[in-house]
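Notes to accompany the following structure.
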Amino acid sequence: MNQVEIQGELFESPPADGDVGGCIIAVGGGKGGIGKSLLTANIGICLAQAGHRVVLVDADLGGANLHTCLGIDLPNLSLSDFIQRRAERLQDVIVDTGIPGLGLVSGAHDFLASANIKYTQKVRVLRKIRQLGTDIIMLDLGSGTSFNVLDFFLSSHLGMIIIVPEPTSLENSYRFLRSAFYRLVRLREKSRPLLEIVEKALEPHNQLNIRTPYDLVRVVSGVDPARGEQYRAWLAAFRPLLVVNQARSAEDRKLGAAVALASQKVLGIGLDAIGHVDYDDSVWQAVRSRTVLVLGPQDSAVRRNLWQLAREIEKRLPSRGAAGGGAPR
Amino acid sequence: MKDFREQNYYELLDVPVYAPPAAIEMAYRRAAATFNADSVAVYALFPPEDLSLLRRRIEEAWAVLGDPERRRAYDLDLGIPPRPVSAEPEPPPENPPPALGVPIPPENVPAPAGAVEEPLPRVEAPAQAPLPPAPPPQDAGPAAPLDLAPCPRMPEIGPDTVFDGHLLRQIRQARGLSLEKVADKTKINIYYLRNIEEDKYKELPAPVYTRGYLRLLAAALKLDPERVVRTYLENMKKAGG
């Protein structure tokens, strides 16, 4: 199968017969250290406790942390074993977390090899994730906008961006969103002249003055109106979820709505702001003591925030076989 | 889906064409706060000149859609027919202003003792849109004498003009606008308008709200909102306000 066919299978077609329809939720955001792993772990626990069968996949290749957030030691089996074919099936590297209904595919052990997997290895991982027979698969992605990170994000049913109320986080997130959309279009476009336009869009100061997805749609529409309409439809359907972490004030809690408005108005990318998590000392204390935040004995605002996010995600789970909001179908 | 440069004023504020005035005001305030130069939501989103353009367009949208006559004329230009009369009441806006038409003050600002004529209650959303105040009775006594005094001259405004409260008052008076009229037009509490004109910085709400009020006031006085906000707040900062 050549690269175009592989890309088509993953990013264009509905799930194949072997896919059993689990909802893949990819958690990204661009900036490192903002709590993606912590939120992935704790929301995953809430969803499992709500009765769903959940598998968390630590796809932060070279920077695995999910096991720490779950309060368990580094498992013996990991994604690396599957990539290197020491384990034939992805199911064989799912470890028991001790929480009913929740399994973990830990991040790879080897720093160099796993952080730089080949394209065909990545496609194999993505294909097998789709075939996991479980209700929900949450992918904890790494930071940045590498093709690996973007492709994992785009292969999901629901993409979720985490931000913190800091300029650096917003800067990285907007960069992530632009990159994700351009990557999506890049993977789907087959016409050579239009591909050249898309490649130009990836350059920061390009001659076509394409700075936003809006600009890309406009330029493509000028060359090929019908294709421009297709791009417009992809842009309209690309609508990741948005969560604000470490909110310290009322203004921070409303940041999700403001970012959603700004992103739609300027980039043309709609965001579904589903809630926030308050900044609280209990969070870093839980991480430091390797205890699970959402399983603590006492109620707290942070626990209520996490449960609320899990409920919002539940409302948005697509029906089996239907697409959601990662890569628009 | 259009770039903000191509959007009409309704699209710019994300309101439907038949949105009630309160919804338009709410949408304007949300947009003004989101695209404020200091807002973290717009950091590194687009070049400064585009942000300025978007803010100007938002102010224009408010200046037109917030004024019933200008809105009617604008609707005609767009080819929007008058709102059809419906038996159903208009749905209430998301967070409507209080029934008395007095803006809700920011949470951290204490109610000034004896400084406002009406109480400022925390208002829950009413079941339906508030009715306008009843007009005064026809036999309300002799009419107030017409004020035939000429308006003071408009002060000189140049590229380096610094807008303080005193200047803003002069401009307001030169335009023949009473403080009540400006309060009614901008929906800013007259208490805050008076404090802005008297440079009583400590009696003003948090900067993010004052900024919004200054912007509304500038628009009402047909001034450049950016310059008014920047220079007024610079003065405020120098005075330790």
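Remember, predicted model here, so these are calculated numbers, not experimental data. Residue numbers begin at 1 in each chain, while the letters A, B, ... track the order of the sequences.
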Open item on the list: Less than 4.5 Å apart, side chain to side chain, heavy atoms only: is that true for D14(B) and Q264(A)?
Closed with: no
TODO: State the CZ-OH distance between F4(B) and Y214(A), to the nearest 0.5 angstrom.
DONE: 10.0 Å
Task: Minimum-distance pair of heavy atoms, taken over all atoms of A41(B) and L255(A) - done: CB-CD1, 4.0 Å
Task: OG1-CG distance between T212(A) and D3(B), expressed to the nearest 0.5 angstrom - done: 6.0 Å
TODO: Grab the two heavy atoms, one from E11(B) and one from K265(A), that are nearest each other, plus how far apart they are.
DONE: O-NZ, 3.0 Å
Task: Within 6.0 angstrom of Q207(A) CD, more than 12 heavy atoms from elsewhere - done: no
Open item on the list: For residues 47-67 of chain B, give me every residue with a non-hydrogen atom less than 4.5 Å from any non-hydrogen atom of chain A.
Closed with: P47(B), D50(B), L54(B)
TODO: Please report the shortest heavy-atom distance between A262(A) and V42(B), naming the atom on each side.
DONE: CB-CG1, 4.4 Å
Open item on the list: Within the structure provided, determine whether L261(A) and R30(B) are in side-chain contact (heavy-atom separation under 4.5 Å).
Closed with: yes
- [ ] Measure distances from R178(A) to the heavy atoms of chain B and classify the residue's part below 4.5 Å as side chain, backbone, both or neither.
- [x] side chain
Task: Distance in Å, L45(B) CG paired with E171(A) CD, rounded so as to fall on 0.5 Å steps - done: 10.5 Å
TODO: Decide yes or no for Y43(B) and T168(A): does some side-chain heavy atom of the first lie under 4.5 Å from some side-chain heavy atom of the second?
DONE: no
- [ ] Side chain from CB out, backbone as N, CA, C, O: work out which of these in L267(A) comes under 4.5 Å of a heavy atom of chain B, or both, or neither.
- [x] side chain
